[in-house]
Amino acid sequence: MRTYIGVDLGTSGTKFLLVGADGSILAENTQTYPVRYPHSGWSEQDPADWFHAAMRGIRALLEGQDRSAVRGISFGGQMHGLVALDREGCVIRPAILWNDGRTEKQTAYLNEVVGKKLLSEYTGNIAFAGFTAPKILWMKENEPQNFARIDKIMLPKDYLAHRLSGSFCTDLSDASGMLLLDVKNRRWSREMCAICGISERMLPRLYESYEVVGTLRGEIAAELGLSASVKIIAGAGDNAAAAVGTGVVGEGGCNVSLGTSGTLFISSEQYREDKVNALHSFCHADGGWHLMGCILSAASCNAWWSDKILQTQDYAAEQAGLEEEMGRNEVFFLPYLMGERSPHNDVSARGAFIGMRPDTSRRQMTLAVLEGVTFALRDCLEAARANGMHIARTKLCGGGAKSPLWRKIVANVLGMPVDIPQTEQGPAYGAAMLAMVGCGEYSTVQAAADAVVRVRETVQPDAAVSARYEERYAAFRALYPALKGVFPALALSGK
């Protein structure tokens with residue numbers, strides 16, 4: 001059977017899947033690497049770590065497998081990261097990641113001086129601190145010597161494609177998050193290049209996510225034991241790849257992802273500009289477009305609470321018996337551990353527990369963390385509704401989706417059925433599907449989704465629980481505006 005490799009380049013590690021043409025998962029493994037925080041609010045990685053992880057991961061993936069059956073490799077990847085190379089192809093500085101908050105000044109300049117109206121005209125989006133263009137401006141202002149050395153600018157997953165194939169490429173879904181792409185017309189924005197002080201020559205060639213960008217370089221193929229004819233397919237930003245992996249393609253599909261960050265992703269066959277400046281209007285990996293709300297901390301909030309504070313990794317034990325308390329919790333949690341993107345666009349926002357009393361329990365705080373993340377995703381849903389989108393049901397993926405309790409909270413807070421895919425591998429699975437399309441296994445991304453994506457179960461909302469959560473959500477919505485003026489002072493006190 002012909003096989004395909006899906007690579008999900010994440011923040012804490014890279015996931016690798018070997019997938020058969022019928023969608024069966026034949027092998028998988030994960031390789032980890034560090035994140036560096038050189039200053040408060042900064043987040044960086046060494047791109048060499050990604051490449052070495054990829055080589056280790058693919059070799060481990062293929063142990064005991066028929067290497068001659070591999071036809072293609074594709075990627076899902078953490079978005080927005082700034083990877084800058086010089087003329088010799090060397091990385092100039094550590095990559096500045098998607099959740100890095102150093103660009104508050106540059107983001108304000110883009111939104112307030114250049115102006116949201118012009119940004120939306122040029123790119124379909126306003127500036128958010130995590131986007132690539134503010135990072136470029138930060139580098140220009142703070143590291144002029146490094147900025148002057150830039151020959152190529154790329155995104156994290158595209159660095160892997162570059163090392164594996166030699167191609168200088170990106171796909172339209174990932175490029176959409178740079179604030180350098182004219183999303184509506186699927187081309188680089190000359191106006192944004194001029195604003196950032198770069199030339200279009202520095203930017204990669206644009207591909208659809210399912211298009212072939214090259215083949216394995218000879219020395220890489222030899223090291224991996226693969227044929228040099230193995231195709232490298234462009235791939236997609238992690239959220240678009242996850243949407244493909246859950247079958248959210250075409251018109252009106254919805255996917256919620258509970259990964260390190262959290263997203264509400266709505267696919268569309270037509271370009272839609274966000275009218276409320278809260279969501280992202282991006283190209284989709286199926287050749288269409290999507291609207292997406294992104295919260296910067298999702299399952300990472302639960303990991304922080306359980307691992308760092310409670311000092312346990314037995315998540316199931318912490319969540320046991322909490323279903324009876326859904327919608328009755330007196331404690332609220334604001335999940336803004338890394339600031340927030342959608343809908344608040346506030347790098348100064350901070351996490352907070354609110355509503356505690358002398359009898360507040362560990363169980364209530366654990367439940368509040370799950371509920372707070374889900375309320376923040378509900379904020380994104382309300383922004384989508386303000387844009388005229390009608391969403392009747394959603395898919396759910398990501399590490400947080402493994403929790404039966406969290407699945408029920410999502411169904412009841414959003415007030416809609418939640419479909420759990422048979423395969424919960426998210427971006428890596430979607431990447432493998434894109435490789436299938438690129439290699440001709442399926443004619444379109446829709447055809448691939450129809451052939452291999454199945455729903456394992458559906459979690460239905462409970463009317464009484466949903467009604468209780470409506471009241472709790474109304475209270476949650478009042479908390480950020482009440483604390484917004486306090487957050488900047490807290491940010492300053494930490495410096």
Side-chain angles (χ1 to χ4, degrees), residues 2-10 14-19 31 46-62 67-79 81 83-91 95 151-175 178 188 201-238 240-241 244 285 427-428 430-441:
R2 293 176 297 276
T3 58
Y4 302 88
I5 296 174
V7 179
D8 174 20
L9 173 60
T14 296
K15 179 73 175 283
F16 302 86
L17 292 183
L18 183 66
V19 182
Q31 302 290 324
D46 182 353
D49 289 344
W50 305 332
F51 173 68
H52 295 314
M55 297 301 286
R56 292 194 308 270
I58 293 174
R59 282 196 297 267
L61 190 73
L62 296 175
R67 285 172 164 80
S68 68
V70 177
R71 294 292 185 269
I73 302 172
S74 190
F75 315 90
Q78 51 166 299
M79 298 178 69
V83 182
L85 306 186
D86 63 17
R87 290 184 179 180
E88 283 70 48
C90 298
V91 175
D151 184 66
K152 292 181 173 65
I153 292 169
M154 60 181 65
L155 294 160
K157 77 173 193 333
D158 304 322
Y159 179 75
L160 285 187
H162 180 66
R163 291 291 300 269
L164 294 178
S165 71
S167 298
F168 181 38
C169 61
T170 192
D171 82 289
L172 287 157
S173 74
D174 213 357
M178 297 178 79
W188 294 120
R201 184 197 64 78
M202 296 177 179
L203 298 175
R205 179 178 172 182
L206 292 164
Y207 290 85
E208 295 290 350
S209 299
Y210 47 81
E211 290 185 321
V212 176
V213 301
T215 56
L216 274 179
R217 295 166 58 188
E219 65 272 24
I220 298 292
E223 188 172 344
L224 295 175
L226 293 171
S227 167
S229 65
V230 170
K231 295 177 180 177
I232 303 298
I233 289 82
D238 51 6
V244 170
M433 291 168 62
L434 292 171
M436 294 178 194
V437 178
C439 293
E441 194 72 52

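Quick caveat: nothing in here was measured; it's all calculated off a predicted structure. Keep in mind that the numbers below use all heavy atoms, side chains included, and drop hydrogens, waters and symmetry copies.
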Distance, nearest 0.5 Å, that separates [atom1] of [X] from [atom2] of [Y]:
| X | Y | atom1 | atom2 | value |
| --- | --- | --- | --- | --- |
| Lys15 | Leu9 | NZ | CG | 14.0 Å |
| Leu172 | Glu208 | CG | CD | 5.0 Å |
| Thr170 | Tyr207 | OG1 | OH | 11.0 Å |
| Leu203 | Met154 | CG | CE | 10.5 Å |
| Trp188 | Arg205 | CH2 | CZ | 13.0 Å |
| Asp238 | Asp174 | CG | CG | 7.5 Å |

So [Y] and [X], do their side chains get closer than 4.5 Å, heavy atoms only?
| X | Y | value |
| --- | --- | --- |
| Val91 | Leu85 | yes |
| Phe75 | Leu434 | no |
| Leu155 | Val83 | no |

Which atom pairs, donor and acceptor, lie under 3.5 Å between side-chain atoms of residues 48-57 and protein residues at least two apart or in another chain?
unit_1	atom_1	unit_2	atom_2	d
Trp50	NE1	Gln45	OE1	3.0
Arg56	NE	Gln31	OE1	3.1

Shortest non-hydrogen contact between [X] and [Y], atoms and distance:
| X | Y | answer |
| --- | --- | --- |
| Ile232 | Ala161 | CG2-CB, 4.3 Å |
| Pro427 | Ala241 | O-CB, 3.7 Å |
| Val212 | Gly438 | CG2-O, 3.5 Å |
| Leu61 | Phe16 | CD1-O, 3.6 Å |

Strictly distance-based, threshold 3.5 Å: is any side-chain N or O of [X] a donor or acceptor partner for the main-chain N or O of [Y]?
| X | Y | answer |
| --- | --- | --- |
| Ser165 | Ser167 | yes |
| Ser173 | Ala285 | no |
| Ser209 | Gly235 | yes |

Salt bridge Arg201-Asp151, side-chain N to carboxylate O under 4.0 Å: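 Yes, this pair counts.
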
Taking NZ, NE, NH1 and NH2 as the nitrogens, is one of them in Asp171 or Lys157 under 4.0 Å from a carboxylate oxygen of the other?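 Yes, Asp171 and Lys157 are salt-bridged.
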
Residue list, side chain to side chain contact (heavy atoms under 4.5 Å, CB included) with Glu441, at least two apart or on another chain: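 Result, side chain to side chain contact (heavy atoms under 4.5 Å, CB included) vs Glu441: Arg2, Tyr4, Ala21, Met436.
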
Applying side-chain contact (heavy atoms from CB on, under 4.5 Å) between Ile5 and each of Ile58, Leu17, Val19, report the one that passes.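 Testing each of Ile58, Leu17, Val19 against Ile5, the sole residue satisfying side-chain contact (heavy atoms from CB on, under 4.5 Å) is Ile58.
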
Side chains of residues 216-227: which donor-acceptor pairs under 3.5 Å do they make with residues two or more places apart or in other chains?
unit_1	atom_1	unit_2	atom_2	d
Arg217	NE	Glu219	OE2	3.1
Arg217	NH1	Arg163	O	3.0
Arg217	NH2	Glu219	OE2	2.5
Glu223	OE2	Arg59	NH1	3.2
Ser227	OG	Ser229	N	3.0
Ser227	OG	Ser229	OG	2.6

